[in-house]
**Q** 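Quick one: the structure is below, and I'll ask about it shortly.
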Amino acid sequence: MQTRVARLHGAKDIRVETQDTDGPGPGEVLLTMAAGGICGSDLHYYQDGGFGPVRVREPIICGHEASGHVAALGAGVSRLAIGQLVAVNPSQPCGHCHFCLKGQPIHCLEMRFMGSAMRLPHEQGMFRDRLVVPAKQCAAFSDATSPAEAACTEPLAVCLHAVAQAGDLTGAKVLVTGAGPIGLLTIAAARHAGASVIVATDLSDAALERAPAMGADRTINVAKDVEALLPYQENKGYFDVIFDCSAAGPALRTAFACVRPRGTIVQVGVTGDITIPLNALVGKEILWRGSQRFHEEFAIAAGLISSRGIDVRPTISHSFPLEDAKAAFEQAGDRSAACKVQLTFSAD
């Protein structure tokens with residue numbers, strides 16, 4: 001049996017190729033893939049050949065946020081059914097290292113994350129027509145859920161984990177900087193967690209136009225209205241919690257000015273070394289906390305999408321068939337028009 005794959009050979013060099021695929025072994029399922037979202041890391045691989053020290057050093061099949069239908073069950077698999085729509089959890093901690101045994105699988109020393117170039121050989125991803133995975137990596141959905149929605153499970157899980165890092169958000173005043181896919185889903189997750197006021201900022205009107213549908217009360221284009229956040233800096237700051245999804249130096253410095261004393265900044269976006277206002281961090285006793293990936297939140301995200309407790313559909317902007325993978329990646333790089341760009345697949 002063969003399958004098409006979208007394989008990246010280097011910056012700007014993605015090719016649709018064919019390779020053999022085995023049937024499912026014990027505890028595994030064969031999926032006919034349906035939809036897969038292009039993530040920021042996928043885009044960095046495509047545009048720049050990597051990000052920071054993580055480089056594409058050998059051909060890699062991209063994609064770590066995807067959904068598909070169960071086509072065949074391996075021996076011992078009983079909780080899934082043929083034809084069922086599932087999302088695939090790309091995170092595969094080892095279960096026996098120091099951090100896994102401490103209950104911190106996110107920090108697994110032997111983490112295998114599908115579609116990641118961190119390890120060598122690279123962990124191959126999900127942009128393909130057929131995929132064999134352990135059944136335990138699959139989360140099932142209701143019949144009313146579309147494959148496009150199910151493919152948003154992984155990014156929503158990232159945002160649910162970030163929101164959990166902030167503690168109880170009931171009644172909280174929240175700022176989200178950066179209104180890309182992760183910022184928008186963080187808005188939705190914060191609203192679901194009980195935030196009372198949510199303000200979203202970005203440099204792009206196109207990005208901010210989607211924010212109200214995800215739960216934002218106010219949107220601010222900080223490129224056009226550079227003084228709009230000044231009132232939030234009065235009396236030592238207004239916001240209880242700020243989620244920085246932009247990883248932009250100016251946005252982060254503004255976050256330190258706008259958060260109240262003993263408030264929390266959750267760092268969701270990543271970048272290289274930047275300067276921070278250390279005096280504000282100390283003087284206002286700010287809790288600045290990082291957030292990486294997810295674990296139990298994947299199943300929670302699947303349940304919320306399945307029930308439409310969180311509606312992810314406003315984030316999905318474009319869909320391309322696998323054969324147009326290059327065009328899809330180019331579209332994903334255009335923030336003036338694109339939000340979540342997805343590929344669709346066919347096993348025919």
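Keep in mind the model is a prediction, meaning the values are calculated, not measured.
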**Q** When you measure from the centre of the six-membered ring of Phe113, is the NZ or CZ of Arg293 closer than 6.0 Å and no more than 45° off the axis?
**A**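 Yes, Arg293 and Phe113 form such a contact.
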**Q** Compare every heavy atom of Ala325 with every heavy atom of Leu343, then report the nearest pair and how far apart it is.
**A**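 Minimum heavy-atom separation between Leu343 and Ala325: CD2-CA, 3.9 Å.
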**Q** Testing Val176, Thr201, Asp202 for side chain to side chain contact (heavy atoms under 4.5 Å, CB included) with Cys245, which one passes?
**A**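 It is Val176, the one option of Val176, Thr201, Asp202 that forms the side chain to side chain contact (heavy atoms under 4.5 Å, CB included) with Cys245.
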**Q** Could you note down all residue pairs passing salt bridge (Lys or Arg N to Asp or Glu O under 4.0 Å) where residues 171-197 supplies at least one of them, sequence neighbours left out?
**A**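 Those involving residues 171-197 are Lys173-Asp240, Arg191-Asp217.
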**Q** Locate the shortest heavy-atom distance separating Val133 from Cys138; write the atom from each residue and the value.
**A**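 That would be CG2-SG, 3.7 Å.
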**Q** Does the Lys12 side chain pair with the main chain of Gln47, one donor and one acceptor, at a distance under 3.5 Å?
**A**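 It does not hold such a pair.
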**Q** Taking 4.0 angstrom as the limit, do Lys136 and Glu28 come out as a salt bridge?
**A**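 No salt bridge links Lys136 with Glu28.
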**Q** Could you tell me whether the side chain of Glu154 and the main chain of Pro90 form a donor-acceptor pair under 3.5 Å?
**A**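 A pair under 3.5 Å: no.
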**Q** Between Lys326 and Asp324, is the closest basic N to carboxylate O distance under 4.0 Å?
**A**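 No.
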**Q** Please check: side-chain N/O of Arg335 versus main-chain N/O of Ala332, any donor-acceptor pairing under 3.5 Å?
**A**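 It does not hold such a pair.
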**Q** Are a donor atom and an acceptor atom from the side chains of Thr3 and Asp129 found within less than 3.5 Å of each other?
**A**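 No donor-acceptor contact under 3.5 Å links the two side chains.
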**Q** Hey, is CZ on Arg119 packed in by over 12 heavy atoms from elsewhere, all under 6.0 Å?
**A**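 Yes, enclosed.
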**Q** Determine whether a donor-acceptor pair (N or O, by modelled atom type, separation under 3.5 Å) exists between the side chain of Arg210 and the backbone of Pro314.
**A**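 Yes; at least one donor-acceptor contact below 3.5 Å.
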**Q** Do any N or O atoms from the side chain of Glu209 and from the backbone of Ala207 form a donor-acceptor pair under 3.5 angstrom?
**A**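 No, Glu209 side chain to Ala207 backbone: no donor-acceptor pair under 3.5 Å.
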**Q** Could you tell me if the ring centre of Phe320 sits under 6.0 Å from that of Phe329?
**A**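 Phe320 vs Phe329: aromatic centres not under 6.0 Å.
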**Q** So which heavy atom on His64 is nearest to which on Ser41, and how close?
**A**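 So the two residues come closest at CE1-OG, 3.2 Å.
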**Q** To the nearest 0.5 Å, tell me how far Gln137 CD sits from Leu131 CG.
**A**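 The distance works out to 10.5 Å.
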**Q** Just by distance, no angles: are the side chains of Glu330 and Tyr46 close enough, under 3.5 Å, to form a donor-acceptor pair?
**A**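 Yes, Tyr46 and Glu330 have a side-chain donor paired with an acceptor closer than 3.5 Å.
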**Q** Report yes or no: does Glu149 contribute a side-chain atom to a donor-acceptor pair with the main-chain N or O of Val312 at less than 3.5 Å?
**A**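 Absent.
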**Q** Whether the side chain of Ser306 engages the backbone of Ala302 through a donor-acceptor N/O pair (distance < 3.5 Å, no angle test) should be reported.
**A**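 Checking the backbone N and O of Ala302 against the side chain of Ser306, no donor-acceptor pair under 3.5 Å is found.
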**Q** Main chain of Cys339, side chain of Ser317: is a donor-acceptor contact present, judged purely on distance under 3.5 Å?
**A**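 Yes; at least one donor-acceptor contact below 3.5 Å.
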**Q** So, Ser196 side chain and Gly171 main chain: donor-acceptor pair closer than 3.5 Å or not?
**A**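 Side chain of Ser196 to backbone of Gly171: a pair is present.
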**Q** Is Lys340 reaching over with its side chain to a backbone N or O of Ile38, donor-acceptor style, under 3.5 angstrom?
**A**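 It does hold such a pair.
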**Q** Are side-chain N/O atoms of Arg130 and Gln2 paired as donor and acceptor at under 3.5 Å?
**A**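 Not at all, the side chains of Arg130 and Gln2 share no donor-acceptor pair under 3.5 Å.
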**Q** Are side-chain heavy atoms of Ile187 and Leu185 found at a separation under 4.5 Å?
**A**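 Answer no - side chains too far apart.
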**Q** Does atom CG of Asp225 have more than 12 heavy-atom neighbours, drawn from other residues, nucleotides or ligands, at distances under 6.0 Å?
**A**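 Enclosed: over 12 neighbouring heavy atoms sit under 6.0 Å from CG of Asp225.
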**Q** Above 12 or not: heavy atoms from other molecules or residues under 6.0 Å from CZ of Arg308?
**A**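 Counting other residues, nucleotides and ligands, CZ of Arg308 exceeds 12 neighbours.
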**Q** Could you check whether the rings of Tyr238 and Tyr232 sit parallel, tilted or perpendicular, using 30° and 60° as the cut-offs?
**A**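 Ring orientation of Tyr238 relative to Tyr232: tilted.
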**Q** Verify the distance criterion only: is there a donor paired with an acceptor across the side chains of Asp334 and Ser336 at less than 3.5 Å?
**A**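 Checked: Asp334/Ser336 side chains pair up, N/O donor to acceptor below 3.5 Å.
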